[in-house]
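Here the structure comes first, spelled out in C-alpha coordinates, and everything after it is commentary.
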Amino acid sequence: MQLASERAFITTISIFTFWLKSLSPLGVFKNRRVLLHDYTPTRLPHRERELNELKNYFGPVLTEDVNVKVHVYGSIGSGKTVLCRRLGRYLEEEAVKAGKKLKYVHINLAYTPKPYHVMTKLMDQVSFVESSRSGLSPEEMLAIIARSLSREDYRLVLTLDEVDTYISEGRDPSILYMLPRVHELFPEAACRVSLIYVSRSLDWMAKLDKATLDTLGRVSAVHLGEYGVPEVRDIVGYRAEEAFRPGAVSEDVTDFIARASVGYGGVRYALELLLEAGGQAEMDHAKTVKAEHVRRAHALIPKGADGAYYPGELSLHKQLLLEGVINALQARTEPYLSLDDVYSAYRIACEEYEREAENKPAIQTYLTDLERHGYVLLVKGNETLVGMEFPPARLAKALKESLEHALQPLDKH
Ligand SMILES: Nc1ncnc2c1ncn2[C@@H]1O[C@H](COP(=O)(O)OP(=O)(O)OP(=O)(O)O)[C@@H](O)[C@H]1O
Ligand SMILES: [Mg+2]
(Lines give C-alpha, C1' and ligand atoms only; values in the text may rest on other atoms or scores of the structure.)
(Ligands and ions follow the chains in the order given, each with its own letter.)
Protein backbone atom coordinates (compact mmCIF):
# COMPACT_ATOMS: atom_id res chain seq x y z
CA MET A 1 0.00 0.00 0.00
CA GLN A 2 2.79 2.33 1.08
CA LEU A 3 4.75 1.35 -2.04
CA ALA A 4 1.83 2.34 -4.33
CA SER A 5 1.55 5.78 -2.72
CA GLU A 6 5.31 6.27 -3.04
CA ARG A 7 5.07 5.41 -6.72
CA ALA A 8 2.19 7.84 -7.20
CA PHE A 9 4.21 10.53 -5.44
CA ILE A 10 7.25 9.95 -7.72
CA THR A 11 5.02 10.04 -10.81
CA THR A 12 3.49 13.34 -9.71
CA ILE A 13 6.95 14.82 -9.13
CA SER A 14 8.12 13.64 -12.59
CA ILE A 15 5.08 15.17 -14.30
CA PHE A 16 5.60 18.40 -12.38
CA THR A 17 9.32 18.56 -13.35
CA PHE A 18 8.46 17.88 -17.00
CA TRP A 19 5.83 20.63 -16.90
CA LEU A 20 8.30 23.06 -15.28
CA LYS A 21 10.91 22.29 -17.95
CA SER A 22 8.40 22.86 -20.72
CA LEU A 23 7.54 26.23 -19.19
CA SER A 24 11.14 27.49 -18.89
CA PRO A 25 12.36 29.37 -22.00
CA LEU A 26 14.62 27.54 -24.43
CA GLY A 27 18.24 28.57 -24.39
CA VAL A 28 19.64 30.63 -27.26
CA PHE A 29 22.08 27.97 -28.40
CA LYS A 30 21.33 25.17 -30.81
CA ASN A 31 24.89 23.84 -30.93
CA ARG A 32 27.49 25.74 -28.94
CA ARG A 33 30.32 23.39 -30.02
CA VAL A 34 30.42 24.78 -33.54
CA LEU A 35 31.91 28.01 -32.17
CA LEU A 36 34.94 26.32 -30.66
CA HIS A 37 38.37 26.79 -32.22
CA ASP A 38 38.81 23.27 -33.58
CA TYR A 39 35.51 23.12 -35.48
CA THR A 40 35.65 23.16 -39.27
CA PRO A 41 32.47 24.65 -40.76
CA THR A 42 31.08 23.45 -44.08
CA ARG A 43 31.10 26.88 -45.71
CA LEU A 44 33.85 29.50 -45.52
CA PRO A 45 32.30 32.82 -46.54
CA HIS A 46 34.85 35.12 -48.21
CA ARG A 47 37.32 32.29 -48.69
CA GLU A 48 35.55 30.58 -51.60
CA ARG A 49 38.07 31.92 -54.11
CA GLU A 50 41.07 30.76 -52.08
CA LEU A 51 39.47 27.35 -51.45
CA ASN A 52 38.90 26.96 -55.19
CA GLU A 53 42.48 27.97 -55.89
CA LEU A 54 43.68 25.26 -53.53
CA LYS A 55 41.27 22.72 -55.01
CA ASN A 56 42.74 23.49 -58.44
CA TYR A 57 46.30 23.04 -57.20
CA PHE A 58 45.45 19.74 -55.54
CA GLY A 59 43.09 18.35 -58.20
CA PRO A 60 45.90 16.55 -60.07
CA VAL A 61 46.90 14.73 -56.87
CA LEU A 62 43.73 12.68 -57.30
CA THR A 63 43.88 12.20 -61.05
CA GLU A 64 47.57 12.07 -61.96
CA ASP A 65 50.78 10.76 -60.47
CA VAL A 66 52.00 14.07 -59.12
CA ASN A 67 52.68 15.69 -55.80
CA VAL A 68 52.06 19.35 -55.03
CA LYS A 69 53.61 21.93 -52.69
CA VAL A 70 51.77 25.09 -51.72
CA HIS A 71 52.30 27.95 -49.26
CA VAL A 72 49.23 29.31 -47.50
CA TYR A 73 50.04 32.56 -45.74
CA GLY A 74 48.22 35.49 -44.17
CA SER A 75 47.91 37.46 -40.98
CA ILE A 76 46.56 36.27 -37.63
CA GLY A 77 43.02 34.90 -37.76
CA SER A 78 42.78 35.18 -41.55
CA GLY A 79 41.46 31.61 -41.77
CA LYS A 80 44.61 29.71 -42.80
CA THR A 81 44.10 26.74 -40.50
CA VAL A 82 40.39 26.38 -41.13
CA LEU A 83 40.91 26.72 -44.90
CA CYS A 84 43.49 23.91 -45.00
CA ARG A 85 41.33 21.63 -42.86
CA ARG A 86 38.38 22.34 -45.12
CA LEU A 87 40.49 21.49 -48.17
CA GLY A 88 41.61 18.28 -46.45
CA ARG A 89 38.02 17.21 -45.86
CA TYR A 90 37.14 18.00 -49.49
CA LEU A 91 40.10 16.00 -50.85
CA GLU A 92 39.28 12.98 -48.69
CA GLU A 93 35.65 13.08 -49.84
CA GLU A 94 36.67 13.41 -53.50
CA ALA A 95 39.09 10.51 -53.13
CA VAL A 96 36.31 8.27 -51.77
CA LYS A 97 34.09 9.26 -54.72
CA ALA A 98 36.89 8.42 -57.15
CA GLY A 99 37.64 5.11 -55.42
CA LYS A 100 41.12 6.34 -54.44
CA LYS A 101 42.84 6.49 -51.08
CA LEU A 102 43.93 9.86 -49.78
CA LYS A 103 44.75 10.89 -46.25
CA TYR A 104 44.88 14.49 -45.07
CA VAL A 105 47.05 15.15 -42.01
CA HIS A 106 47.30 18.47 -40.21
CA ILE A 107 50.29 18.98 -37.91
CA ASN A 108 50.84 22.17 -35.97
CA LEU A 109 54.62 22.60 -35.82
CA ALA A 110 54.30 25.04 -32.93
CA TYR A 111 53.17 22.06 -30.84
CA THR A 112 55.78 19.62 -32.18
CA PRO A 113 59.15 21.21 -31.42
CA LYS A 114 61.33 18.30 -32.61
CA PRO A 115 61.45 16.27 -35.86
CA TYR A 116 60.85 13.26 -33.62
CA HIS A 117 57.50 14.71 -32.48
CA VAL A 118 56.48 15.56 -36.05
CA MET A 119 57.25 12.07 -37.33
CA THR A 120 55.55 10.45 -34.35
CA LYS A 121 52.33 12.33 -35.09
CA LEU A 122 52.60 11.46 -38.75
CA MET A 123 53.28 7.82 -38.03
CA ASP A 124 50.31 7.65 -35.67
CA GLN A 125 48.10 8.59 -38.59
CA VAL A 126 49.59 6.91 -41.60
CA SER A 127 51.47 3.81 -40.57
CA PHE A 128 48.06 2.04 -40.76
CA VAL A 129 49.37 -0.76 -38.56
CA GLU A 130 50.33 -0.55 -34.93
CA SER A 131 54.13 -0.29 -35.12
CA SER A 132 56.46 0.39 -32.25
CA ARG A 133 58.40 3.61 -32.54
CA SER A 134 60.62 3.18 -29.53
CA GLY A 135 64.21 4.02 -30.36
CA LEU A 136 63.41 4.98 -33.96
CA SER A 137 65.03 8.06 -35.50
CA PRO A 138 62.89 10.52 -37.50
CA GLU A 139 64.42 9.13 -40.72
CA GLU A 140 63.50 5.57 -39.75
CA MET A 141 59.96 6.67 -38.97
CA LEU A 142 59.74 8.41 -42.34
CA ALA A 143 60.88 5.17 -44.00
CA ILE A 144 58.02 3.29 -42.30
CA ILE A 145 55.59 6.01 -43.38
CA ALA A 146 56.82 5.88 -46.99
CA ARG A 147 56.53 2.08 -47.08
CA SER A 148 53.02 2.17 -45.57
CA LEU A 149 51.81 4.74 -48.10
CA SER A 150 53.11 2.62 -50.95
CA ARG A 151 51.83 -0.69 -49.53
CA GLU A 152 48.34 0.68 -48.88
CA ASP A 153 48.33 2.76 -52.10
CA TYR A 154 47.62 6.01 -50.23
CA ARG A 155 48.28 9.66 -51.18
CA LEU A 156 49.17 11.93 -48.30
CA VAL A 157 48.42 15.64 -48.13
CA LEU A 158 50.31 17.01 -45.16
CA THR A 159 49.82 20.51 -43.75
CA LEU A 160 52.72 21.87 -41.72
CA ASP A 161 50.91 24.62 -39.83
CA GLU A 162 52.82 27.46 -38.12
CA VAL A 163 56.06 26.57 -39.84
CA ASP A 164 57.19 30.18 -39.19
CA THR A 165 56.93 29.68 -35.41
CA TYR A 166 58.94 26.46 -35.67
CA ILE A 167 61.75 28.17 -37.57
CA SER A 168 61.72 31.41 -35.55
CA GLU A 169 62.09 29.38 -32.33
CA GLY A 170 65.27 27.90 -33.83
CA ARG A 171 63.93 24.33 -34.11
CA ASP A 172 65.71 21.66 -36.15
CA PRO A 173 64.87 22.44 -39.82
CA SER A 174 65.73 18.92 -41.01
CA ILE A 175 62.03 18.05 -41.45
CA LEU A 176 61.89 20.73 -44.14
CA TYR A 177 64.70 18.90 -45.81
CA MET A 178 63.37 15.38 -45.35
CA LEU A 179 59.69 15.78 -46.17
CA PRO A 180 60.01 17.50 -49.58
CA ARG A 181 62.75 15.00 -50.51
CA VAL A 182 60.88 11.92 -49.34
CA HIS A 183 60.64 10.76 -52.97
CA GLU A 184 64.39 10.78 -53.39
CA LEU A 185 65.05 9.18 -50.03
CA PHE A 186 62.38 6.52 -50.45
CA PRO A 187 61.48 5.96 -54.13
CA GLU A 188 58.45 3.87 -53.17
CA ALA A 189 56.84 7.12 -51.92
CA ALA A 190 57.23 8.79 -55.33
CA CYS A 191 54.36 11.21 -55.99
CA ARG A 192 52.59 10.21 -52.80
CA VAL A 193 53.39 13.12 -50.48
CA SER A 194 52.03 16.62 -51.08
CA LEU A 195 52.76 19.47 -48.70
CA ILE A 196 51.14 22.70 -47.51
CA TYR A 197 53.31 25.15 -45.57
CA VAL A 198 51.25 27.53 -43.43
CA SER A 199 52.68 30.75 -42.02
CA ARG A 200 51.72 34.32 -41.16
CA SER A 201 54.31 35.64 -43.61
CA LEU A 202 56.90 34.09 -45.92
CA ASP A 203 59.81 35.73 -44.04
CA TRP A 204 60.65 32.43 -42.31
CA MET A 205 62.25 31.16 -45.49
CA ALA A 206 65.00 33.79 -45.21
CA LYS A 207 66.18 31.95 -42.09
CA LEU A 208 66.77 28.65 -43.91
CA ASP A 209 70.18 27.60 -45.23
CA LYS A 210 70.52 27.38 -48.97
CA ALA A 211 70.36 23.57 -49.15
CA THR A 212 67.06 23.43 -47.23
CA LEU A 213 65.68 26.35 -49.19
CA ASP A 214 66.56 24.56 -52.44
CA THR A 215 64.76 21.38 -51.36
CA LEU A 216 61.54 23.29 -50.73
CA GLY A 217 61.57 23.54 -54.51
CA ARG A 218 59.00 25.30 -56.58
CA VAL A 219 56.12 26.14 -54.27
CA SER A 220 52.94 27.93 -55.34
CA ALA A 221 51.44 30.39 -52.87
CA VAL A 222 47.95 31.37 -51.75
CA HIS A 223 47.76 34.59 -49.80
CA LEU A 224 44.83 35.29 -47.46
CA GLY A 225 44.12 39.01 -47.12
CA GLU A 226 42.86 40.48 -43.86
CA TYR A 227 39.12 40.52 -43.24
CA GLY A 228 37.38 43.88 -42.83
CA VAL A 229 34.15 44.60 -40.95
CA PRO A 230 31.84 43.43 -43.79
CA GLU A 231 33.62 40.07 -44.04
CA VAL A 232 33.64 39.55 -40.27
CA ARG A 233 29.92 40.43 -40.18
CA ASP A 234 29.12 37.79 -42.81
CA ILE A 235 31.27 35.15 -41.13
CA VAL A 236 29.76 35.85 -37.69
CA GLY A 237 26.27 35.76 -39.25
CA TYR A 238 26.92 32.36 -40.81
CA ARG A 239 28.56 30.88 -37.70
CA ALA A 240 25.67 32.24 -35.59
CA GLU A 241 23.18 30.47 -37.88
CA GLU A 242 24.95 27.19 -37.16
CA ALA A 243 25.32 27.75 -33.42
CA PHE A 244 22.09 29.50 -32.36
CA ARG A 245 18.37 28.89 -32.58
CA PRO A 246 16.67 30.68 -35.50
CA GLY A 247 16.15 34.36 -34.73
CA ALA A 248 18.33 34.33 -31.57
CA VAL A 249 21.00 36.62 -33.07
CA SER A 250 19.71 39.57 -35.11
CA GLU A 251 21.61 41.25 -37.95
CA ASP A 252 22.06 44.34 -35.77
CA VAL A 253 23.76 42.28 -33.08
CA THR A 254 25.95 40.53 -35.67
CA ASP A 255 27.00 43.91 -37.02
CA PHE A 256 27.68 45.20 -33.50
CA ILE A 257 29.88 42.17 -32.74
CA ALA A 258 31.83 42.63 -35.98
CA ARG A 259 32.48 46.31 -35.27
CA ALA A 260 33.39 45.73 -31.63
CA SER A 261 35.93 43.10 -32.73
CA VAL A 262 37.90 45.16 -35.23
CA GLY A 263 40.51 46.39 -32.76
CA TYR A 264 40.83 43.08 -30.94
CA GLY A 265 41.90 40.51 -33.50
CA GLY A 266 38.95 40.47 -35.94
CA VAL A 267 37.08 37.25 -36.62
CA ARG A 268 38.76 35.21 -33.91
CA TYR A 269 37.69 37.70 -31.26
CA ALA A 270 34.27 38.09 -32.88
CA LEU A 271 33.57 34.35 -32.50
CA GLU A 272 34.74 34.43 -28.87
CA LEU A 273 32.48 37.42 -28.24
CA LEU A 274 29.54 35.70 -29.91
CA LEU A 275 30.01 32.61 -27.74
CA GLU A 276 30.36 34.61 -24.52
CA ALA A 277 27.40 36.88 -25.40
CA GLY A 278 25.32 33.73 -25.95
CA GLY A 279 26.38 32.56 -22.50
CA GLN A 280 25.30 35.90 -21.01
CA ALA A 281 21.91 35.63 -22.74
CA GLU A 282 21.43 32.12 -21.31
CA MET A 283 22.28 33.36 -17.82
CA ASP A 284 19.50 35.95 -18.22
CA HIS A 285 17.13 33.22 -19.53
CA ALA A 286 16.71 35.49 -22.57
CA LYS A 287 15.39 34.18 -25.89
CA THR A 288 17.66 36.42 -27.96
CA VAL A 289 21.19 37.80 -27.69
CA LYS A 290 20.93 41.52 -27.02
CA ALA A 291 23.41 44.39 -27.33
CA GLU A 292 23.67 44.42 -23.54
CA HIS A 293 24.86 40.79 -23.55
CA VAL A 294 27.52 41.67 -26.12
CA ARG A 295 28.68 44.68 -24.07
CA ARG A 296 28.86 42.59 -20.92
CA ALA A 297 30.77 39.83 -22.72
CA HIS A 298 33.13 42.39 -24.26
CA ALA A 299 33.95 43.77 -20.81
CA LEU A 300 34.36 40.29 -19.31
CA ILE A 301 36.87 38.90 -21.80
CA PRO A 302 40.44 39.79 -20.78
CA LYS A 303 42.47 40.96 -23.76
CA GLY A 304 46.10 41.04 -24.76
CA ALA A 305 47.84 42.64 -27.72
CA ASP A 306 46.06 40.36 -30.22
CA GLY A 307 42.56 40.47 -28.72
CA ALA A 308 41.16 37.80 -26.45
CA TYR A 309 43.80 35.58 -24.95
CA TYR A 310 43.96 32.46 -27.02
CA PRO A 311 46.65 30.14 -25.67
CA GLY A 312 46.27 27.89 -28.70
CA GLU A 313 48.24 30.50 -30.66
CA LEU A 314 51.28 29.92 -28.42
CA SER A 315 53.90 27.29 -29.10
CA LEU A 316 53.94 24.28 -26.78
CA HIS A 317 56.75 25.50 -24.52
CA LYS A 318 55.24 28.97 -24.25
CA GLN A 319 52.01 27.31 -23.12
CA LEU A 320 53.92 25.25 -20.55
CA LEU A 321 55.71 28.39 -19.35
CA LEU A 322 52.44 30.26 -18.98
CA GLU A 323 50.97 27.30 -17.10
CA GLY A 324 53.92 27.50 -14.69
CA VAL A 325 53.55 31.29 -14.23
CA ILE A 326 49.80 30.98 -13.52
CA ASN A 327 50.27 28.11 -11.04
CA ALA A 328 53.03 29.98 -9.20
CA LEU A 329 51.07 33.26 -9.07
CA GLN A 330 47.93 31.51 -7.83
CA ALA A 331 49.92 29.89 -5.04
CA ARG A 332 51.01 33.18 -3.49
CA THR A 333 49.83 36.64 -2.56
CA GLU A 334 52.70 38.81 -3.92
CA PRO A 335 52.16 40.36 -7.37
CA TYR A 336 55.49 39.20 -8.85
CA LEU A 337 57.66 36.12 -9.29
CA SER A 338 61.41 35.99 -9.68
CA LEU A 339 62.92 34.37 -12.78
CA ASP A 340 64.07 31.44 -10.65
CA ASP A 341 60.54 30.92 -9.36
CA VAL A 342 59.21 31.05 -12.92
CA TYR A 343 61.78 28.58 -14.18
CA SER A 344 61.04 26.04 -11.43
CA ALA A 345 57.29 26.43 -11.98
CA TYR A 346 57.84 25.86 -15.72
CA ARG A 347 59.86 22.70 -15.00
CA ILE A 348 57.05 21.37 -12.82
CA ALA A 349 54.57 22.02 -15.66
CA CYS A 350 56.89 20.16 -18.08
CA GLU A 351 57.03 17.22 -15.70
CA GLU A 352 53.26 17.18 -15.37
CA TYR A 353 52.84 17.08 -19.16
CA GLU A 354 55.83 14.76 -19.69
CA ARG A 355 57.87 17.10 -21.84
CA GLU A 356 61.58 17.78 -21.55
CA ALA A 357 62.18 21.28 -20.11
CA GLU A 358 64.12 23.74 -22.25
CA ASN A 359 67.02 25.80 -20.92
CA LYS A 360 66.81 29.11 -19.05
CA PRO A 361 67.91 31.39 -21.92
CA ALA A 362 65.14 29.94 -24.13
CA ILE A 363 62.62 30.57 -21.35
CA GLN A 364 63.77 34.17 -21.01
CA THR A 365 63.19 34.70 -24.74
CA TYR A 366 59.71 33.16 -24.44
CA LEU A 367 58.91 35.48 -21.52
CA THR A 368 59.72 38.49 -23.70
CA ASP A 369 57.39 37.10 -26.39
CA LEU A 370 54.63 36.50 -23.83
CA GLU A 371 55.05 40.09 -22.66
CA ARG A 372 54.82 41.38 -26.24
CA HIS A 373 51.49 39.60 -26.68
CA GLY A 374 50.25 40.92 -23.32
CA TYR A 375 50.10 37.61 -21.46
CA VAL A 376 52.57 38.59 -18.73
CA LEU A 377 53.97 41.75 -17.23
CA LEU A 378 57.77 42.02 -16.93
CA VAL A 379 59.33 44.43 -14.44
CA LYS A 380 62.93 45.01 -15.39
CA GLY A 381 65.41 46.22 -12.76
CA ASN A 382 68.42 44.59 -11.12
CA GLU A 383 66.36 41.46 -11.28
CA THR A 384 63.55 40.74 -13.77
CA LEU A 385 60.17 40.11 -12.12
CA VAL A 386 57.17 38.42 -13.73
CA GLY A 387 53.51 39.23 -13.03
CA MET A 388 50.09 39.17 -14.66
CA GLU A 389 47.62 42.07 -14.83
CA PHE A 390 44.34 40.20 -15.00
CA PRO A 391 42.68 37.37 -13.05
CA PRO A 392 44.11 34.18 -14.55
CA ALA A 393 41.14 31.84 -13.98
CA ARG A 394 39.65 32.10 -17.50
CA LEU A 395 43.06 31.80 -19.14
CA ALA A 396 43.99 28.85 -16.90
CA LYS A 397 40.93 26.93 -18.12
CA ALA A 398 41.60 27.71 -21.79
CA LEU A 399 45.25 26.81 -21.31
CA LYS A 400 44.42 23.37 -19.87
CA GLU A 401 42.22 22.62 -22.89
CA SER A 402 44.80 23.95 -25.28
CA LEU A 403 47.63 21.89 -23.74
CA GLU A 404 45.52 18.76 -23.91
CA HIS A 405 44.80 19.49 -27.57
CA ALA A 406 48.45 20.26 -28.36
CA LEU A 407 49.63 17.03 -26.75
CA GLN A 408 47.01 14.62 -28.00
CA PRO A 409 48.58 12.05 -30.32
CA LEU A 410 46.00 12.49 -33.06
CA ASP A 411 45.29 15.99 -34.34
CA LYS A 412 41.68 15.58 -35.38
CA HIS A 413 40.08 17.63 -38.09
N1 LIG B 1 35.81 32.44 -43.89
C2 LIG B 1 35.52 31.91 -42.70
N3 LIG B 1 34.32 31.34 -42.46
C4 LIG B 1 34.01 30.82 -41.27
N5 LIG B 1 34.84 30.83 -40.20
C6 LIG B 1 36.06 31.38 -40.36
C7 LIG B 1 36.47 31.95 -41.60
N8 LIG B 1 37.72 32.44 -41.48
C9 LIG B 1 38.10 32.18 -40.22
N10 LIG B 1 37.11 31.55 -39.54
C11 LIG B 1 37.15 31.16 -38.11
O12 LIG B 1 37.91 32.17 -37.45
C13 LIG B 1 38.81 31.59 -36.50
C14 LIG B 1 40.24 31.95 -36.90
O15 LIG B 1 40.58 31.25 -38.09
P16 LIG B 1 41.94 30.38 -38.21
O17 LIG B 1 42.26 29.76 -36.90
O18 LIG B 1 41.82 29.48 -39.38
O19 LIG B 1 42.96 31.57 -38.51
P20 LIG B 1 44.52 31.46 -38.77
O21 LIG B 1 44.79 32.28 -39.98
O22 LIG B 1 44.96 30.04 -38.80
O23 LIG B 1 45.10 32.22 -37.48
P24 LIG B 1 46.54 32.07 -36.77
O25 LIG B 1 47.51 32.85 -37.59
O26 LIG B 1 46.33 32.67 -35.43
O27 LIG B 1 46.87 30.61 -36.71
C28 LIG B 1 38.53 30.11 -36.49
O29 LIG B 1 37.60 29.84 -35.45
C30 LIG B 1 37.90 29.86 -37.86
O31 LIG B 1 37.01 28.76 -37.82
MG1 LIG C 1 46.20 28.89 -37.56
Side-chain angles (χ1 to χ4, degrees), residues 31-54 71-90 106-112 159-168 196-204 221-244 254 257-258 261-262 264-276 304-316 318-319 369 372-375 398 401-402 405-406 411-413:
N31 184 2
R32 189 191 291 257
R33 215 202 91 61
V34 305
L35 290 179
L36 302 184
H37 299 295
D38 61 352
Y39 178 78
T40 306
T42 311
R43 279 205 306 116
L44 294 177
H46 298 290
R47 287 293 177 235
E48 290 92 351
R49 186 177 55 77
E50 292 83 350
L51 183 58
N52 277 333
E53 237 177 284
L54 284 171
H71 286 291
V72 170
Y73 70 105
S75 57
I76 176 172
S78 56
K80 303 178 291 293
T81 300
V82 77
L83 181 68
C84 294
R85 287 183 185 279
R86 185 67 198 81
L87 173 79
R89 197 200 289 162
Y90 165 81
H106 193 109
I107 297 183
N108 189 330
L109 293 187
Y111 302 163
T112 47
T159 291
L160 299 174
D161 203 346
E162 302 199 27
V163 56
D164 46 346
T165 305
Y166 186 91
I167 296 300
S168 73
I196 305 179
Y197 305 104
V198 177
S199 59
R200 288 198 181 153
S201 95
L202 297 179
D203 296 347
W204 61 275
V222 175
H223 176 245
L224 307 191
E226 267 181 43
Y227 296 126
V229 172
E231 287 83 21
V232 176
R233 190 197 301 128
D234 292 346
I235 294 169
V236 170
Y238 165 60
R239 302 292 297 261
E241 253 173 53
E242 291 212 308
F244 289 83
T254 308
I257 289 177
S261 304
V262 175
Y264 301 97
V267 71
R268 204 164 72 185
Y269 183 70
L271 294 177
E272 181 94 15
L273 193 53
L274 180 64
L275 182 65
E276 183 73 43
D306 307 322
Y309 292 109
Y310 170 46
E313 76 180 345
L314 302 172
S315 67
L316 176 65
K318 284 184 193 154
Q319 290 187 34
D369 286 346
R372 203 179 51 246
H373 293 290
Y375 284 91
E401 285 164 13
S402 173
H405 174 72
D411 196 1
K412 51 186 186 332
H413 70 276

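All residue numbers in this chain count up from 1 along the given sequence. If you're wondering where the values come from, they're calculated on a predicted model, not measured in any experiment. We count ligands from 1, going down the list as the structure has it; atoms in each ligand are counted the same way.
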With the threshold set at under 4.0 angstrom, would you say Tyr310 reaches ligand 1 through any of its heavy atoms? no
What about Arg47: any of its N or O atoms under 3.5 Å from an N or O on ligand 1? no
Backbone, side chain, both or neither: what part of Thr81 comes under 4.0 angstrom of ligand 1, heavy atoms only? both
Does the side chain of Leu274 reach to within under 4.5 Å of the side chain of Phe244, using non-hydrogen atoms? yes
Can a side-chain donor-acceptor contact be found between Tyr90 and Arg85 if the only test is distance below 3.5 angstrom? no
Answer yes or no: is there a donor N or O on one side and an acceptor on the other, between the side chain of Arg89 and the main chain of Thr40, under 3.5 Å? yes
For the side chain of Tyr375 and the backbone of Gly304, is there at least one donor-acceptor N/O pair under 3.5 Å apart? no
for atom 3 (N) of ligand 1, nearest protein heavy atom and its distance come out as Pro45 CD, 3.2 Å
Atom 4 (C) of ligand 1: which protein heavy atom is closest, and how many Å away? Ile235 CG2, 3.5 Å
Check whether any side-chain N or O of Glu162 sits under 3.5 Å from a backbone N or O of Leu109 as a donor-acceptor pair, and report yes or no. no
Metal site the Mg ion (ligand 2): N/O/S of Thr81 inside 2.8 Å: yes
Where ligand 1 meets Gly77 - atom numbers and elements under 4.0 angstrom, heavy-atom basis: 19 (O), 20 (P), 21 (O), 23 (O), 24 (P), 25 (O), 26 (O)
Answer yes or no: does an N/O atom from Leu83 fall short of 3.5 Å to an N/O atom of ligand 1? no
Do the side-chain N and O atoms of Glu226 and Ser78 include a donor-acceptor pair separated by under 3.5 angstrom? no
Protein heavy-atom partner closest to atom 27 (O) of ligand 1 - residue, atom, separation in Å: Glu162 OE2, 3.9 Å
Check this for me: does any side-chain nitrogen of one of Glu53 and Arg49 sit under 4.0 Å from a carboxylate oxygen of the other? yes
Does Arg43 count as lying over the ring of Tyr238, i.e. NZ or CZ under 6.0 Å from the six-ring centre, within 45 degrees of the axis? yes
Looking only at protein heavy atoms, what sits closest to atom 19 (O) of ligand 1 is Gly79 N, 3.2 Å
Arg239 heavy atoms, cut-off 4.0 Å: which ligand 1 atoms fall inside? 4 (C), 5 (N), 6 (C), 11 (C), 30 (C), 31 (O)
Under 4.0 Å, heavy-atom basis, I'd like to know which part of Leu44 is in contact with ligand 1: side chain, backbone, both or neither. both
Over 60° means perpendicular and under 30° means parallel, so tell me whether His71 and Tyr197 are parallel, tilted or perpendicular. tilted
Below 4.0 Å from any atom of ligand 1, is there a heavy atom belonging to Gly74? no
Using a plain distance cutoff, I'd like to know if Arg200 has any nitrogen or oxygen under 3.5 Å from a nitrogen or oxygen of ligand 1. yes
Which protein heavy atom lies closest to atom 7 (C) of ligand 1, and at what distance to 0.1 Å? Tyr227 OH, 3.5 Å
Using a heavy-atom cut-off of under 4.0 Å, does the side chain or the backbone of Leu271 touch ligand 1, or both, or neither? side chain
Under a plain distance cut-off of 3.5 Å, with no hydrogens placed, do Asp161 and Thr159 share a side-chain donor-acceptor pair? no
N-O pairing of Asp38 and Arg33 below 4.0 Å: yes
Tell me: protein heavy atom nearest atom 18 (O) of ligand 1, and distance? Val82 N, 2.9 Å
N or O contact, Leu36 vs ligand 1, cut-off under 3.5 Å: no
Atoms in ligand 1 with a heavy atom of Arg268 nearer than 4.0 Å: 26 (O)
Based purely on interatomic distance, does Glu313 place a nitrogen or oxygen under 3.5 Å from a nitrogen or oxygen of ligand 1? no
Applying the side chain to side chain donor-acceptor pair (under 3.5 Å) criterion to Asp306, which one of Arg268, His373, Arg372 satisfies it? His373
Looking at ligand 1, does His46 have a heavy atom less than 4.0 Å from it? no
Heavy atom of the protein closest to atom 25 (O) of ligand 1 (residue, atom name, distance): Lys80 NZ, 2.7 Å
